[in-house]
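Computed from heavy atoms alone, side chains included, the values below leave out hydrogens, waters and symmetry copies. Whatever order the structure lists them in is the order used to number ligands and atoms, beginning at 1. Index from 1, following the sequence.
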Amino acid sequence: MHNNPIGVFDSGVGGTSIWKEIHKLLPLENTIYLADSANAPYGEKSAEDILKLSIKNTELLLEYNCKIIVVACNTATTNAISYLRQTYTGVSFIGIEPAIKPAVLQSNSKTVGVLATKGTLSSSLFHSTVKNHAEGIKIIEKEGKGLVPLIESGKAASKECKDLLKALLTPMLAQNIDYLVLGCTHYPYLIPVLKELLPQHVNIIDSGEAVAKQTKVILEKENLLNKNNVSSLHKFFTNADVSILKSFLKNVDASIAVYYLDF
Ligand code: DGL
């Protein structure tokens with residue numbers, strides 16, 4: 001069981017931003033990653049469809065005997081994780097949600113921007129997080145419509161993407177945000193462009209490191225850490241373009257194999 005992989009899934013390549021944090025913190029762990037790019041973006045789908053896709057991905061990871069499942073997608077977490085936890089009780093699930101709490105605690109202007117998908121922003125889990133943790137703080141939500149398809153097609157650094165981001169950020173900056181919460185695992189790949197567009201005093205927050213830490217905490221608690229592995233193995237599966245997924249993994253120092261799989 002200790003050798004069994006950590007399973008990670010996302011609607012596409014975005015969850016590799018989380019996978020990288022997990023691998024950095026837990027380099028001895030074997031992993032399996034599912035990029036459901038053929039069905040991206042999840043953020044524009046109904047809650048019912050997001051749930052169906054999350055079930056499909058979970059069942060595939062369970063066939064690979066994953067010892068823990070990381071839902072490396074805010075949209076899938078906010079719409080499906082409670083169902084997954086209730087249904088697949090033999091395995092723990094780690095989810096990711098927009099990091100509202102740390103932004104709220106640190107904001108001086110008492111105004112925080114949240115960039116996320118429609119599926120995340122409309123979920124009841126997101127609404128309750130805002131209600132419970134953002135008292136006295138103005139939360140400016142923006143749907144990053146169009147960003148995920150651009151990132152999925154390798155165009156994160158394009159002019160089209162920069163212009164779209166500028167239009168999304170302008171109303172947030174007009175209201176004096178000093179924190180921008182990235183509520184989608186694809187968006188850390190926009191950080192270079194965001195840094196060009198945002199004034200220096202605006203801090204960018206994402207939840208990748210926190211997810212990796214929580215994965216470690218749960219594996220420790222369940223006595224499932226892979227302590228003796230000499231070289232960990234990492235299998236990545238995509239149901240779309242293998243070369244795009246590979247391009248998101250090019251500087252990773254690990255033993256990686258990327259495959260096409262019709263799932
Ligand atoms: N990466 C995902 C998230 O964190 C999903 C984006 C999408 O497919 O719309 O929300």
Next item on the list: Without swapping roles, check the side chain of N4 against the backbone of K67 for a donor-acceptor pair under 3.5 Å.
Entry: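 No, the answer is negative, given that no donor and acceptor are paired below the 3.5 Å cut-off.
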Whether the side chain of N79 engages the backbone of A47 through a donor-acceptor N/O pair (distance < 3.5 Å, no angle test) should be reported.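 Looks like no, no N/O pair under 3.5 Å.
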Answer yes or no: does an N/O atom from [X] fall short of 3.5 Å to an N/O atom of ligand 1?
| X | answer |
| --- | --- |
| D10 | yes |
| T185 | yes |
| P41 | no |

(message) Only heavy atoms of T117, strictly under 4.0 Å: list the atoms of ligand 1 that pass.
(response)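 Here the atoms of ligand 1 in question are 6 (C), 9 (O), 10 (O).
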Exercise. With heavy atoms of C73 as the reference, note each atom of ligand 1 found under 4.0 Å away.
Key: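 Those qualifying, in numeric order: 2 (C), 3 (C), 4 (O), 5 (C), 10 (O).
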Problem set entry | Which residue and heavy atom of the protein sit nearest atom 7 (C) of ligand 1, plus the separation |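 Checked against all protein heavy atoms, atom 7 (C) of ligand 1 sits closest to Y42 N, 3.3 Å.
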Which residue and non-hydrogen atom of the protein lie closest to atom 9 (O) of ligand 1, and at what distance in Å?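 It is G43 N, 2.8 Å.
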For ligand 1, note which part of [X] has a heavy atom under 4.0 Å away: side chain, backbone, both or neither.
| X | value |
| --- | --- |
| V148 | side chain |
| S11 | side chain |
| T75 | both |

Identify the heavy atoms of E152 and S37 that sit nearest to each other, and give their distance.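 What the structure gives for the nearest pair is OE1-OG, 2.8 Å.
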Could you report the tightest heavy-atom contact between A254 and H23, atom names first, then the distance?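 Heavy atoms of A254 and H23 come nearest at CB-NE2, 3.4 Å.
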* Asked: Is the count of non-hydrogen atoms from other residues, nucleotides or ligands lying under 6.0 Å from K20 atom NZ greater than 12?
  ->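 Counting neighbours around NZ of K20, more than 12 heavy atoms of other residues, nucleotides or ligands fall under 6.0 Å, so yes.
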Taking the six-membered ring for Trp, are Y64 and F237 parallel (under 30°), tilted (30 to 60°) or perpendicular (over 60°)?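 Answer is parallel, since the angle falls under 30°.
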Hey, does L147 have a side-chain heavy atom less than 4.5 Å from the side chain of C161?
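The answer is yes, as the side chains (C-beta and beyond) meet within the 4.5 Å cut-off.
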